[in-house]
Amino acid sequence: MIQVENLTKIYGKGEIAVTALNQVSFSVREGEFVAVMGPSGSGKTTLMNILGCLDSPTSGTYILSGTDVINMTDKELARIRNRKIGFIFQTFNLLPRLTALKNVEQPMIYRGIRRKKREETARKYLTEVGLEDRMHHLPNELSGGQKQRVAIARALVNNPDIILADEPTGNLDSRSEKDILNILTDLNKKGITIIMVTHNEKVARYAHRIVYFHDGEIVKEEIVNAGGGSIETG
Amino acid sequence: MNFIEKIKLSMTGVWSNKFRSFLTLLGVIIGVSSVITMVSLGSGTRLVVGGQLEELMGRQVALFPNWNLPYTQQGVLSLEDVDYLKESIIGAEEVAPFYRGWFRINYEGREYTGSVAGVVENALELTNLKLEYGRMITESDLANHEHVAVIGQRTLEQLTDNTDFASFIGKEIEIDGNRLLIVGVLGIANASVVLSNDVVLVPLTTFRDLWRWYDPYNFLITYDSKSTEEDIINQIEYLMNDKYGTSRGQCKFMPAGIQKEINIYNNILKILILVLGSIAGISLLVGGIGVMNIMLVNVKERTKEIGLRKAIGASSRDIQSQFLIESILLAGGGGIIGIIIGAGFSSLLNFIIAHFFEWWQGYIPAWVILLSFGVTTFIGIVFGSYPAYKASKLDPIEALRYE
Ligand SMILES: Nc1ncnc2c1ncn2[C@@H]1O[C@H](COP(=O)(O)OP(=O)(O)OP(=O)(O)O)[C@@H](O)[C@H]1O
Ligand SMILES: [Mg+2]
């Protein structure tokens, strides 16, 4: 599904240049749940942005579902972000002036789906994440866990193949954390490939495989749960 | 992403900052209302500007005693001068004498002191007054010294509350104690140099009989299309000087054309249109800069939104059009408010001016409203392009990190 080779990302030039990713090669199979760990500044977010087609690498190759992403136009990349990929952020990134329902509808606007159908789909996914009674609330009327669930519904509405979650539970209490992780595990069981950045070993253990980053390089890979799915964490 | 969706998306942007948007749009609002007022005033004065007023008032020169001289040295017109001028001036068509006096006018117990004119039978055509009901003074009225009167609507309005003006034909009116029969009513006058419709016309011969005046108050001299006003005025001065001599080096009489008056109108108008035009131009420019400013602020404030939208599938073009449409809606909204204010303001102005000049016909042409929409859309595009471009070029990574 995802194949990157010798991926290098250098921010800035000359004296102040920072190598965020250094010759990273790694791949993710379809339906896999991968956790990415590593100290702050090790390049995790940089990798996620490149995998999510939001950023382009300085050098290296990236093959997504058999197609080379590197030389695509802005429009083609937008289309991939819209249909193939769902983003989940640590800070939720909901649009503050729109209700939960409207927030979830947004990706479908760029896909050209009509209003009625959009609303219907958004309701369906909000119900799926357990927010049927919060649809018309504004983000600041929701708890952190609820916000993240809205964000998950938003990531799902266009039926993506991959979910990229950058510290999805970083701002949440342990209860909400568990809710979110269970939702992600369920999605993974339905066949969605998930790549999740986390600082928390316990959280990482929900995945099949953990990839450790240090200074822009992969230093260790560990298979934790070949079968995948939710496991009890003491 | 279809067009209606784009507009809806942009609408939310404009609406969420209503008050700030309104303030920044003041320039556009003032600009558009000035354009509308300017065009509306222009339309009202097109009679003057288009030279139609000259046409309307005819080719005529009024001749008065020279009021610039001391009273005793002013010339006195005589009825003999009618034939003298008519025969002598090359290019003259008609020379009509007018007697004028202010008298008490009584009608059914009400009294009004107004203007009474002794006129010849073709006074109506010469002065551009319009007969609304009844008939004008005729040659036989003049010959028989009939006690008849043609009364202006404005004078009637002072004497009665009855607005059925036709019903006054055949009624009697008293002027300075003399009873006269109303035979005609004058309507709203077009532009007229010597008489307005606040007047009572009586046969010149009757006027002389009743008040025993020898000297006409003024003449009205019309001329043919081959002559110019200047030439006619020069001839009149020459002929009157020849007959009456000069006083202190000046003609004892004063020929007055309308050309001078029209030039004054034209100059006032030009200044007015220039002033309004400059206000419009400057405010629209300022308004445009305001639109640009608020859009730049908007883009800055919504950096995170832009990053998020890109992450969920917006292309740079989608972002660009969202902000461009937003700026067009913003400027267009200013345009609509400007149109409303401009329409209100120019209606008021036209109403006031029409009160002073009966021939004024100011209105708001439909095209200027379309033009205003066009101009504001244009402003939205021109001044929104750069902010929209800037938004579209934002790096989504930076945008998402932005706090
Ligand atoms: N836009 C940028 N310009 C310059 N340097 C950058 C930029 N983005 C990231 N970096 C640098 O690249 C390196 C990797 O950053 P990255 O955000 O990928 O780290 P991270 O592993 O996600 O860290 P954290 O766990 O704190 O989120 C860091 O040294 C960071 O300072
Ligand atoms: Mg990070």
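Reminder, nothing fancy here: chain letters follow the sequence lines and each chain counts from 1.
Between B/Leu400 atom CG and A/Leu54 atom CG the span is 6.5 Å, to the nearest 0.5 Å. We find the NZ-CZ distance between B/Lys304 and A/Phe89 to be 8.5 Å, quoted to the nearest 0.5 Å. Expressed to the nearest 0.5 Å, how far CG of A/Asn93 lies from CZ of B/Arg309 amounts to 12.0 Å.
Atom CZ of A/Phe26 has more than 12 neighbouring heavy atoms from other residues, nucleotides or ligands inside a 6.0 Å radius. Other residues, nucleotides and ligands contribute at most 12 non-hydrogen atoms within 6.0 Å of the CZ atom of A/Arg79. For A/Glu76, the CD atom counts as densely surrounded, since its 6.0 Å shell holds more than 12 non-hydrogen atoms of other residues, nucleotides or ligands. Annotation for B/Phe351: atom CZ does not count as buried by contact number, only 12 or fewer foreign heavy atoms lying within 6.0 Å. Counting non-hydrogen atoms of neighbouring residues, nucleotides and ligands closer than 6.0 angstrom, the OH atom of A/Tyr62 exceeds 12 such neighbours. A/Glu141 CD: more than 12 foreign heavy atoms inside a 6.0 Å radius.
For B/Gln322, the part lying under 4.5 angstrom from a heavy atom of chain A is the side chain only. The contact between A/Arg154 and chain B is made entirely by side chain atoms (from C-beta outward), counting heavy-atom distances below 4.5 Å.
In this structure, A/Tyr110 and B/Asp318 have side chains that are in contact, with non-hydrogen atoms separated by less than 4.5 Å. For the pair B/Ile312 and A/Arg81, the minimum side-chain heavy-atom distance is 4.5 Å or more.
Between the side chain of A/Asp74 and the backbone N or O of B/Ser315 there is no donor-acceptor pair closer than 3.5 Å.
Of the listed residues B/Gly307, B/Pro396, B/Ser316, B/Ala311, the one with more heavy-atom pairs under 4.5 angstrom with chain A than any other is B/Ala311.
Applying the side-chain contact (heavy atoms from CB on, under 4.5 Å) test between B/Leu308 and each of A/Asn103, A/Leu94, A/Leu95 identifies A/Leu95 as the sole match.
Near-neighbour residues of residues 163-172 of chain A relative to chain B, defined by a heavy atom under 4.5 Å from a heavy atom of that chain, are none.
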